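Every chain is numbered from 1 and lettered A, B, ... according to where its sequence line falls, protein lines coming before strand lines. Bear in mind that the values here come from a model prediction, so they are computed numbers and not experimental data.
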Amino acid sequence: MPAMRVRFAPSPTGALHIGGARAALYNWLMARGSGGTMVLRIEDTDRERSTPENVEQILDALRWLGLEADEGPISQVARSERHQEVLRRLLDDGHAYRSTATGEDVKVYKAQHGADRGFRGTPENEGAVRLHVPGDGATVVHDLIRGDTTFQHVHLDDPVIARGDGTALYNFAVAVDDADAAITHVVRGEDHLSNTPKQLLVYVAMGVQPPLFAHLPLLLGPDGKKLSKRHGAASVQELRDAGYLPAAVRNYLALLGWGDSDDETLISTDELVRRFDVARVSKNPARFDEQKLRWMNGRYLRELSLDELTADLEAFTGREGLRAAAEISREKIQTLADFWPLCGFIFDGPAQDDEKARGKWLTDAGRAALTDVHAALTAITAWDLASIETALQGVVASREAKPKDVFQPVRVALAGTAVSPGIFETLHVVGRDESLSRIRAAASG
RNA sequence: GCCGCUAUCGUCCAGGGGACUAGGACGCCGCCCUCUCACGGCGGAAACCCGGGUUCGAAUCCCGGUAGCGGUACCA
């Protein structure tokens, strides 16, 4: 694969959402897979909506995802002088003209002419700058995913490429910046497909060879509607807060809109770099289904070493000394956020709010079993897994009870709920004195 | 309205003229394992949007319809 120069060009009008994260990932995979370069450009020409906080947040999200760029970030507004230069040239050689026509004027014009003729302004000495679209012919977008798409010039309006105050607009700045950065492949969301002919016309006016394009299908919420805050973890920040691992998010996002001929589901990032092929990206919009991400994250969590898991858990919860609890919880959690609800009782004491569990297991029989357990555990000399298990099984045998009639009361005594890691492991981690004290309390309560 | 893109299980992806009795994964259901919840194992239900055409043969190619989405900004 020849070295590619790709770019990720988010606009800092909000947090980086998963659609943007996927675009960044695909670009990054293409760059890494080809020995190429990924450029990060911040499309901040909308001064009203762009904020430095959003830029920081996007950078932070990219860093967390492990998708850092090779060049940039470069601010689009910082390039305004260059935009002015190209603008002057286009004005001088007649590729563009000034016009005071407003959006309202265009609308009226369109209402009259329908699809017969796109809006063509009359050159004036002031106003916004519009690009001349040829009267006939067509512009063809060569798209790696969708093939060729033809746009007839008669359907296109002369696009405004700079405001009345002279500042560049997106469809112009993006073409100039991509051309100057020698971008070879523009990979971005499908919402840009209809704008591509305008950008292509800017390349023509500049006399520059355009890059290849690949327009990614859009990402939708679980309900098939456009992704928004009400869809839960729709931004990278929210994914992080929900306790997902970057590697799992990369794997999941890679498969949301792409798959190759084998049916592998768990694919490491290295493998992704090797296998990803933008031409195989799906054409249909995909829904973001957090259930599958949860499952996948659980798989990644279980592949972590105990050291890694402990470090991640401690960073996530802000607590220390989690190693032993991490070990006994790993088969039971799917996200880092699942850990504390499952294991918090080890450190903070039994949950107090599960009346149902107490009612069901701390019955007279349950408390009698706890009294026996307390005696059996008091008698053992070493607080290790084997001794604990032997002691508890002894109680089961002597009471001629079913295992759960002994174990569940112990679980509720320790955790306050009916769900916890394995009971022997839990006793072991909670420790002898604390375990005995909780059992005594529950037995007499 | 106009321009454009898209259409395979509930979801994501594979299959792109005969190998399709349509494959894998998540989810769901059942069974096994089992001290709870999980993990793991085994099994199951579950889809080619509709209508024409081309062809000996269509999920696959073509046309139309429908639906969804995008664009149609002095937003990006």
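- A:Glu425 has its CD atom 17 Å from the P atom of B:rC39, to the nearest Å.
- B:rU60 and B:rA14: their C1' atoms are spaced 13 Å apart (whole Å).
- Backbone-only contact: A:Thr45 has heavy atoms under 4.0 Å from sugar-phosphate atoms and none from a base.
- Heavy atoms of A:His192 sit under 4.0 angstrom from at least one base atom.
- Nucleotide B:rA67 holds its P atom 18 Å from the CG atom of A:Leu220, rounded to whole Å.
- For A:Arg163 and B:rC75, the shortest distance from a side-chain N or O to OP1 or OP2 is below 4.0 Å.
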Report summary line: Scoring nucleotides 18-28 of chain B by protein non-hydrogen atoms under 4.0 Å (B base, S sugar-phosphate only, - none) yields -----BSBSS-
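- Note on A:Asp260: only backbone sugar-phosphate atoms sit closer than 4.0 angstrom, heavy atoms only; bases stay farther off.
- Heavy atoms of A:Lys198 sit under 4.0 angstrom from primed sugar atoms or phosphate atoms, though from no base atom.
- Taking the six-membered ring for Trp and thresholds of 30 and 60 degrees, A:His132 and A:Tyr97 have ring planes inclined between 30 and 60 degrees apart.
- Rounded to whole angstrom, the span from the CG atom of A:Asp277 across to the P atom of B:rA14 amounts to 11 Å.
- Using a 4.0 Å heavy-atom criterion, one finds that A:Tyr252 contacts no nucleic acid atom at all.
- Among the atoms of the strands shown, only primed sugar atoms or phosphate atoms (P, OP1, OP2) are found under 4.0 Å from some heavy atom of A:Ser282.
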Query raised in the report: Using a cut-off of 4.0 Å between protein heavy atoms and nucleotide atoms, how would you tag nucleotides 2-8 of chain B 5' to 3' with B, S and -?
Result: SSSBSSS
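- If you check every strand for non-hydrogen atoms under 4.0 Å, A:Asp44 touches nothing.
- One can place CZ of A:Phe407 at 7 Å from P of B:rC35, the figure rounded to the nearest angstrom.
- The one candidate from A:Arg294, A:Arg330, A:Lys332 that meets the salt bridge (Lys or Arg N to Asp or Glu O under 4.0 Å) condition with A:Asp338 is A:Arg294.
- We find that CZ of A:Phe339 is positioned 18 Å from P of B:rA38, with the value rounded to whole Å.
- With hydrogens and angles ignored, a donor-acceptor pair closer than 3.5 Å exists between the side chain of A:Asn195 and the base of B:rA76.
- When heavy atoms are screened at a 4.0 angstrom cut-off, A:Ala418 is found touching base atoms of the nucleic acid.
- To the nearest 0.5 angstrom, A:Lys292 atom NZ is 7.5 Å from A:Tyr252 atom OH.
- A straight line from CD of A:Gln408 to P of B:rU34 spans 16 Å, rounded to a whole angstrom.
- Distance, A:Leu253 CG to B:rC13 C1': 14 Å, rounded to whole Å.
- The side chain of A:Arg280 contributes an N or O atom lying less than 4.0 Å from OP1 or OP2 of B:rG15.
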